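Predicted model only: the values in this text are computed from it and were never measured.
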Amino acid sequence: MDAQKEKVAIERLKAFEPDDGYYLCYSGGKDSDVIRILADLAGVKHENVHNLTTVDAPETVQYIKSLPDVRIDYPKTTMWKLIEQKMMPPTRTMRYCCEVLKEHGGEGKVKMTGVRWDESAKRAESADVVKIIGKSKTTQKEADEIGAEYRVNKMGGVLLSTDNDEARRTVELCYRTRSTTVNPIVDWSDRDVWDFLHHYGCQSNPLYQCGFNRIGCVGCPMVSRKTRIDEFRRYPKYYQNYIRAFDRMLIARKNNELPTEWKTGKDVMLRWLELPPKEQIRFEGFEL
């Protein structure tokens, strides 16, 4: 285990600790377990919250329920009703499901997440130790007045890479009115994460022992086609629930006089999985 990285992560959490404590965004994955343990080690005030999406894997839900220090917040709607309401499937560019089911909690609080650069090139560009979203021009002006060093990502987020006094004051000014996130392990590798968890005896989500390398919503369009198909083979009820939701979605589109090239929910599913025509025929033959 890298003791220095652990020390730095703890210092980051202490540096940005708000008076009312952190809102720790707990997903049930390995990175969430790391920040949950780090928050305890740092002695910072925090609450661990999992926003149930209704498409979490059953193993993930059971694992989270086994943790006495994690609160589960239940959504006002489900993924299946949301698809019907939005009248379109969630996509990589239209992730309304994340906005409604995952990211609604912690308003007006400093959020703590396990986001890491090592996860993807996009994360490396869009995240840092602190990320502030909303009123970007005002945030930049305030940071300039204080003398804080920052950079701006493509989405307009203001990123701070240090925990010095200027960065702390910027967070104090912003977090009540803007979405402010602290990412204490942003520079950790996968190896750092697993070494840390093994050192502290955390068994983590059982899906990792089943060959999963990510923990998220079943059928998420952000993952590979193969991963989604493997998930639907493992969880056939979710597969059928999506198709039924797509059927209701098509009825809603028709009632609202919206055009569509699909005739059935199964047609939507095959297109949603981004399968070429030949693979669609082969996939329809699978007994999920």
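- Comment: Asp187 engages Arg12 in a salt bridge, judged by a side-chain N to carboxylate O separation of less than 4.0 angstrom.
- In summary, the side chains of Ser189 and Asp118 do not present any donor paired with an acceptor at a separation below 3.5 Å, with no hydrogens or angles considered.
- Of the possible donor and acceptor atoms, none in the side chain of Lys76 sits under 3.5 Å from a partner among the backbone N and O of Val100.
- No more than 12 heavy atoms of other residues, nucleotides or ligands sit less than 6.0 Å from atom NZ of Lys86.
- Aromatic ring centres of Trp262 and Phe246: separated by at least 6.0 Å.
- Under the 4.5 Å side-chain heavy-atom criterion for grouping Ile, Leu, Val, Met, Phe, Trp and Tyr, Leu24 is not connected to Val115 through any hydrophobic cluster.
- Taking a 6.0 Å sphere around CZ of Arg169, one finds it holds 12 or fewer heavy atoms contributed by other residues, nucleotides or ligands.
- Relative orientation of the Phe232 and Trp272 rings is tilted, given thresholds of 30° and 60° on the angle between their planes.
- Put simply, the side chain of Arg36 reaches to within 4.5 Å of the side chain of Val70, judged on heavy atoms.
- Residues Glu6 and Tyr200 have side chains that bring a donor and an acceptor to within less than 3.5 angstrom of each other.
- Around the CD atom of Glu149, the shell of radius 6.0 Å holds no more than 12 heavy atoms that belong to other residues, nucleotides or ligands.
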Inset, instruction - Take Asp144 and Lys141 through the salt bridge (Lys or Arg N to Asp or Glu O under 4.0 Å) test and state the conclusion after the steps. - result: CA-CA 5 Å; Asp144 287 334; Lys141 181 180 179 181; over 6 Å; no

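- A salt bridge does not link Arg95 to Glu103: none of the charged side-chain nitrogens sits closer than 4.0 Å to a carboxylate oxygen.
- Between Tyr238 and Tyr242, the gap from one ring centroid to the other reaches at least 6.0 Å.
- With a 4.5 Å cut-off on side-chain heavy atoms, Leu67 and Asn48 do not count as touching.
- At a cut-off of 3.5 Å, with distance as the only test, a side-chain donor of Ser32 or Ser27 sits close to an acceptor on the other residue.
- A salt bridge does not link Asp19 with Lys45: every distance from a Lys NZ or Arg NE/NH1/NH2 to an Asp or Glu carboxylate oxygen is 4.0 Å or more.
- The existence of a salt bridge linking Glu47 and Lys109 is confirmed by a sub-4.0 Å separation between a basic side-chain nitrogen and an acidic carboxylate oxygen.
- The shortest distance between side-chain heavy atoms of Lys30 and Ile215 does not fall below 4.5 Å.
- Salt bridge present: Glu142 and Arg178 bring a charged side-chain N and a carboxylate O closer than 4.0 Å.
- One finds no salt bridge joining Arg244 and Asp247 here, because no Lys/Arg side-chain nitrogen approaches an Asp/Glu carboxylate oxygen to under 4.0 Å.
- Other residues, nucleotides and ligands contribute more than 12 heavy atoms inside 6.0 Å of the CD atom of Glu11.
- In this structure, the side chains of Lys131 and Thr113 stay at 4.5 Å or more apart for every pair of heavy atoms.
- Between Ile185 and Asp192, every side-chain heavy-atom pair lies at or beyond the 4.5 Å cut-off.
- Using cut-offs of 30° and 60° for the angle between ring planes, the Phe212 and Tyr235 rings count as tilted.
- Contact check for Arg92 versus Glu274: side-chain heavy atoms found under the 4.5 Å cut-off.
- Contact of the Trp194 side chain with the Ser204 side chain is registered, since non-hydrogen atoms from C-beta on lie closer than 4.5 Å.
- Atom CD of Glu107 has 12 or fewer neighbouring heavy atoms from other residues, nucleotides or ligands inside a 6.0 Å radius.
- Around the CD atom of Gln203, the shell of radius 6.0 Å holds no more than 12 heavy atoms that belong to other residues, nucleotides or ligands.
- At least one side-chain heavy atom of Val193 sits less than 4.5 Å from a side-chain heavy atom of Arg116.
- Side chains of Asp33 and Tyr63: a donor-acceptor N/O pair is present below 3.5 angstrom, by distance only.
- Side-chain contact of Thr227 with Asp230: a donor-acceptor pair under 3.5 Å is absent, judged by distance alone.
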